Q: 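The structure under discussion is supplied below as structure tokens; questions concerning it will follow.
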Amino acid sequence: MTKRYGLIGCGMMGVEHIQNVNLLDGARVTCVYDTLSDNAAKAANIAGSFEDIITAPDIDAFIIATPNNFHADQLLQIAQTRAAMPVPVLCEKPLFISEEDRGKIQYVQDYYKGPVWVAMEYRYMPAIEAFLKQVDEATGGVSMLTMTEHRMPFLEKFGNWNRYNENSGGTFVEKCCHFFNLMRLIMDAEPVRVMAMAGQDHNHQNETHDGKKPDIWDAGYVLLDFENGKRACLELCMYADGSKWNEEISAVGPEGKLECRIPGPPRFWPDQPPSELISSPRNEKAPETTLFSVPPELAAAGDHHGSTFKQHALFLDVVRGNAAPAVTLEDGIRAVDIGRAAQISAQFGQAVVLGPNSDIRVALSQEAQFHSSLNLK
């Protein structure tokens, strides 16, 4: 029996979800709600309002693909409205962007009985999937982890919402929660300290939207200490459009090194190279390289190297009642907490200490404490 999905938000990522769901055998997007009726009309049957779609009795699952600042409210409304008849939800990252929104997600986590999957597509890119399976054996246990993303600037989206921290949560929340999720997965531990530096170096400098200049950062570094003594680094540059590799991951341990390299989205790299996985044993001078290509139909269905299709194939098992979400609400919360800690660290120039429950405390100097009452616990 075909499972019927309701899609909330039909912008760039919403279209990618439709294309990939409709490639599955046994699932279809049958109803769409978007504030832009033209977007919705191109996709599927149109819901007249948000309330119409979340109360529709013939929907088996929901996908939330709206701008970041809507996620928490919409997920909360689904949880409250569908409390008596819960259905699975796949919510795009980041789950939330503010401390107030964090409380709404906590309510969903505590009271909603339906499964919620947080969309973290990067972990299902074929080369990264292989990296995750092999990294412990290849390295003998990861001690140091580096992730690099060199890519194009933020793409143009409706209302230019992604140009502003107040809508997106900031670059380290919006763009980098993917990487923080991967770091927790690879390290099998929680970070205890975060130090970051970042800025708006070159992008969007001459733009003005509704009288406001964009304030989103386009480059930065994040250093993380983990509770088990391991260390990680993230390097982000969003004015490296011509780079051959968009994402690179490097893990090193006592027995070797494992690297992963991924090119940009297919529509920006028509003749893109295959992704690479390189294993370099410590005591051998014989690195082994494995190449990964994406089937054309999956490459054409989005910007994430077939990972959105893999994610939806697994989510369909959840919708059918045969599995639990692989990326949980807790995973989504922790990834945003790390991103917010990085935003705060870069803003104030101080390390941020993460407590046992990912409560955020800022290690400010006495002078900074005098000038700021910042407390995000």
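The model shown is predicted, which means the values in this text are computed figures rather than measured ones.
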Q: CE/Met13 to CD1/Ile63 distance, rounded to the nearest 0.5 angstrom?
A: 9.5 Å

Q: Is there a donor-acceptor pair under 3.5 Å between the side chain of Gln343 and the backbone N or O of Thr171?
A: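 Yes, the answer is positive, given that a donor and an acceptor are paired below the 3.5 Å cut-off.
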
Q: For the pair Asp218 (side chain) and His202 (backbone), establish whether a donor and an acceptor sit closer than 3.5 Å, ignoring hydrogens and angles.
A: yes

Q: Taking CZ in Arg282 as the centre, count heavy atoms belonging to other residues, nucleotides or ligands within less than 6.0 Å. Is the count above 12?
A: no

Q: List the atom of Glu166, the atom of Ile97, and the distance in Å for their closest heavy-atom pair.
A: O-CD1, 3.3 Å

Q: Is a side-chain donor or acceptor of Thr139 paired with a backbone partner of Lys257 at a separation under 3.5 angstrom?
A: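 Here the side-chain-to-backbone pair does not exist.
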
Q: So, Asp337 side chain and Arg334 main chain: donor-acceptor pair closer than 3.5 Å or not?
A: no

Q: Is there a path of hydrophobic side-chain contacts, each under 4.5 Å between heavy atoms of I/L/V/M/F/W/Y residues, joining Phe226 to Met144?
A: no

Q: Can you tell me how the ring of Tyr122 sits relative to the ring of His304, calling it parallel under 30°, perpendicular over 60° and tilted otherwise?
A: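 Tyr122 vs His304 ring planes: tilted.
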
Q: Looking only at heavy atoms, what is the nearest atom pair of Val118 and Thr328, with distance?
A: CG2-O, 3.4 Å

Q: Linking Ile, Leu, Val, Met, Phe, Trp and Tyr through side-chain heavy atoms less than 4.5 Å apart, which residues share a cluster with Val192?
A: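 Result for Val192 is none, singleton.
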
Q: Can you give me the closest heavy-atom contact between Ala79 and Val108, atom names plus distance?
A: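 That closest heavy-atom pairing would be CB-CG2, 4.0 Å.
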
Q: Tell me, yes or no, whether the heavy-atom count around Glu297 atom CD, taken from other residues, nucleotides or ligands under 6.0 Å, exceeds 12.
A: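 More than 12 within 6.0 Å, yes.
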
Q: Can you tell me if Gln19 and Glu16 form a side-chain donor-acceptor pair at under 3.5 Å?
A: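 Judged by distance alone, the side chains do not pair up.
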
Q: What about Leu223 and Met147, same hydrophobic cluster or not, with Ile/Leu/Val/Met/Phe/Trp/Tyr joined at side-chain heavy-atom distances under 4.5 Å?
A: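 Different clusters.
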
Q: Side chains of Leu224 and Arg231: does their closest heavy-atom pair fall under 4.5 Å?
A: no

Q: Atom CG of residue position Asn206 - does it have more than 12 heavy atoms of other residues, nucleotides or ligands inside 6.0 Å?
A: no

Q: For atom CZ of Arg28, is the number of surrounding heavy atoms from other residues, nucleotides or ligands below 6.0 Å larger than 12?
A: yes

Q: Answer yes or no: is there a side-chain heavy-atom contact under 4.5 Å between Gln272 and Pro266?
A: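 Result yes, sub-4.5 Å side-chain heavy-atom pair found.
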
Q: What's the verdict on side-chain contact (heavy atoms from CB on, under 4.5 Å) for Ile262 and Ile128, showing C-alpha distance, side-chain angles and the deciding distance?
A: CA-CA 9 Å; Ile262 300 169; Ile128 293 181; 3.4 Å; yes

Q: Taking C-beta and beyond as the side chain, do Val87 and Val319 meet within less than 4.5 Å on heavy atoms?
A: no

Q: So that I can tick it off, tell me whether Arg4 and Asp58 are bridged by a salt bridge, with the cut-off set at under 4.0 angstrom between side-chain N and carboxylate O.
A: no

Q: Indicate the atoms forming the closest heavy-atom contact of Leu316 with Leu24, along with that distance.
A: CD2-CD1, 4.3 Å

Q: What is the minimum heavy-atom distance between Ser345 and Met195, and which atoms define it?
A: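 Nearest pair, atom of Ser345 first, then Met195: OG-CA, 3.4 Å.
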
Q: Hydrophobic cluster membership, with links at side-chain heavy-atom distances under 4.5 Å among I/L/V/M/F/W/Y: are Val294 and Val21 in one?
A: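 They do share one cluster, since a chain of ILVMFWY contacts under 4.5 Å joins Val294 to Val21.
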
Q: Are more than 12 heavy atoms, taken from residues, nucleotides or ligands other than Lys3, located less than 6.0 Å from that residue's NZ atom?
A: yes

Q: So, Asp101 side chain and Phe96 main chain: donor-acceptor pair closer than 3.5 Å or not?
A: no

Q: Measuring from Trp245:CH2 to Ser275:OG, what's the distance to the nearest 0.5 Å?
A: 6.5 Å

Q: Treating Asp215 as the side-chain partner and Asn165 as the backbone partner, does any N or O pair qualify as donor plus acceptor under 3.5 Å?
A: yes

Q: Please tell me if the side chains of His17 and Leu90 come closer than 4.5 Å, counting only heavy atoms from C-beta onward.
A: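 Contact flag for His17/Leu90 side chains = yes.
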
Q: Between Thr55 and Thr81, is a side-chain contact (heavy atoms from CB on, under 4.5 Å) present by the stated rule, with each step listed?
A: CA-CA 7 Å; Thr55 57; Thr81 303; 3.5 Å; yes

Q: Side chains of Tyr5 and His312: does their closest heavy-atom pair fall under 4.5 Å?
A: yes

Q: What pair of heavy atoms forms the shortest contact from Ala341 to Leu354, and how long is it?
A: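 Heavy atoms of Ala341 and Leu354 come nearest at CB-CD2, 4.0 Å.
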
Q: Could you verify whether a donor N or O on one side chain and an acceptor N or O on the other, from Gln205 and Gln200, lie under 3.5 Å apart?
A: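 No, no side-chain donor-acceptor pair sits under 3.5 Å.
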
Q: Yes or no on side chain to side chain donor-acceptor pair (under 3.5 Å) for Thr66 and Gln74, after CA distance, side-chain angles and deciding distance?
A: CA-CA 9 Å; Thr66 48; Gln74 291 174 337; 2.7 Å; yes

Q: Could Glu100 and Arg102 be called an ion pair, given the rule that one side-chain N must be under 4.0 Å from one carboxylate O?
A: no

Q: For His71 and Ile64, indicate whether the former's side chain and the latter's backbone hold a donor-acceptor pair under 3.5 Å.
A: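 Not at all, since once roles are kept as given, no pair shorter than 3.5 Å links the two residues.
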
Q: Kindly indicate whether the side chain of Cys176, heavy atoms from C-beta on, has any atom under 4.5 Å from the side chain of Leu234.
A: yes

Q: Taking the side chain from Asn228 and the backbone from Met187, do they hold a donor-acceptor pair closer than 3.5 Å?
A: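 Side chain of Asn228 to backbone of Met187: a pair is present.
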
Q: Show your working on side-chain contact (heavy atoms from CB on, under 4.5 Å) between Thr290 and Ile278 and close with a plain yes or no.
A: CA-CA 6 Å; Thr290 306; Ile278 307 166; over 6 Å; no

Q: State, with a plain yes or no, whether a side-chain heavy atom of Leu277 is found less than 4.5 Å away from one of Glu259.
A: no

Q: Please work out which of the three classes, parallel, tilted or perpendicular, describes the rings of Tyr111 and Tyr107, given edges at 30° and 60°.
A: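 If you compare the ring of Tyr107 with that of Tyr111, the planes turn out tilted.
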
Q: Under the 6.0 Å and 45° cation-pi test, does Lys212 pair with Tyr164?
A: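 Judged by the rule (NZ or CZ under 6.0 Å from the ring centre, within 45° of its axis), Lys212 counts as positioned above Tyr164.
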
Q: Go through the structure and list residues passing salt bridge (charged side-chain N to carboxylate O under 4.0 Å, His left out) with Arg123, not counting sequence neighbours.
A: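 Partners of Arg123 under the salt bridge (charged side-chain N to carboxylate O under 4.0 Å, His left out) test: none.
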
Q: Given 3.5 Å as the limit, does a donor-acceptor pair link the side chain of His209 with the main chain of Arg163, or not?
A: no

Q: Trp117 vs Tyr124 aromatic rings, parallel, tilted or perpendicular, using cut-offs 30° and 60°?
A: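 Ring orientation, 0 to 90° scale: tilted.
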
Q: Can Glu121 and Lys93 be counted as an ion pair, charged N to O under 4.0 angstrom?
A: no

Q: State plainly whether one hydrophobic cluster holds both Val89 and Ile59, where clusters connect Ile, Leu, Val, Met, Phe, Trp and Tyr through side-chain heavy atoms under 4.5 angstrom apart.
A: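 As far as the 4.5 Å side-chain criterion goes, Ile59 and Val89 are connected within one cluster.
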
Q: Is the count of non-hydrogen atoms from other residues, nucleotides or ligands lying under 6.0 Å from Glu137 atom CD greater than 12?
A: no

Q: Is Leu291 linked to Ile249 within one hydrophobic cluster, defined over Ile, Leu, Val, Met, Phe, Trp and Tyr using a side-chain heavy-atom separation of less than 4.5 Å?
A: no

Q: Is the ring pair Phe154/His204 parallel, tilted or perpendicular, if the boundaries are 30 and 60 degrees?
A: parallel

Q: For the pair Arg151 and Glu247, find out whether any cationic side-chain nitrogen is under 4.0 Å from an anionic carboxylate oxygen.
A: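 Here Arg151 does not pair with Glu247 in a salt bridge, since their nearest N and O are not under 4.0 Å apart.
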
Q: May I ask you to decide if Asp52's main-chain N or O and Ser49's side chain share a donor-acceptor pair within less than 3.5 Å?
A: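 Side chain of Ser49 to backbone of Asp52, a donor-acceptor pair under 3.5 Å: yes, one is there.
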
Q: With a 4.0 Å cut-off, would you call Asp73 and Lys104 a salt bridge?
A: yes

Q: Pair up each side-chain donor or acceptor in residues 235-242 with any protein partner under 3.5 Å, not counting sequence neighbours, and list the distances.
A:
unit_1, atom_1, unit_2, atom_2, d
Glu235, OE2, His150, NE2, 2.7
Tyr239, OH, Asp201, OD2, 2.8

Q: Carefully, step by step, assess Val173 and Arg340 under the rule side-chain contact (heavy atoms from CB on, under 4.5 Å).
A: CA-CA 6 Å; Val173 172; Arg340 293 179 66 218; 3.8 Å; yes

Q: Do the side chains of Tyr112 and Arg82 get nearer than 4.5 Å, heavy atoms only?
A: yes

Q: Please walk me through it: do Gln109 and Gln106 pass side chain to side chain donor-acceptor pair (under 3.5 Å)?
A: CA-CA 5 Å; Gln109 187 176 36; Gln106 192 65 56; 3.0 Å; yes

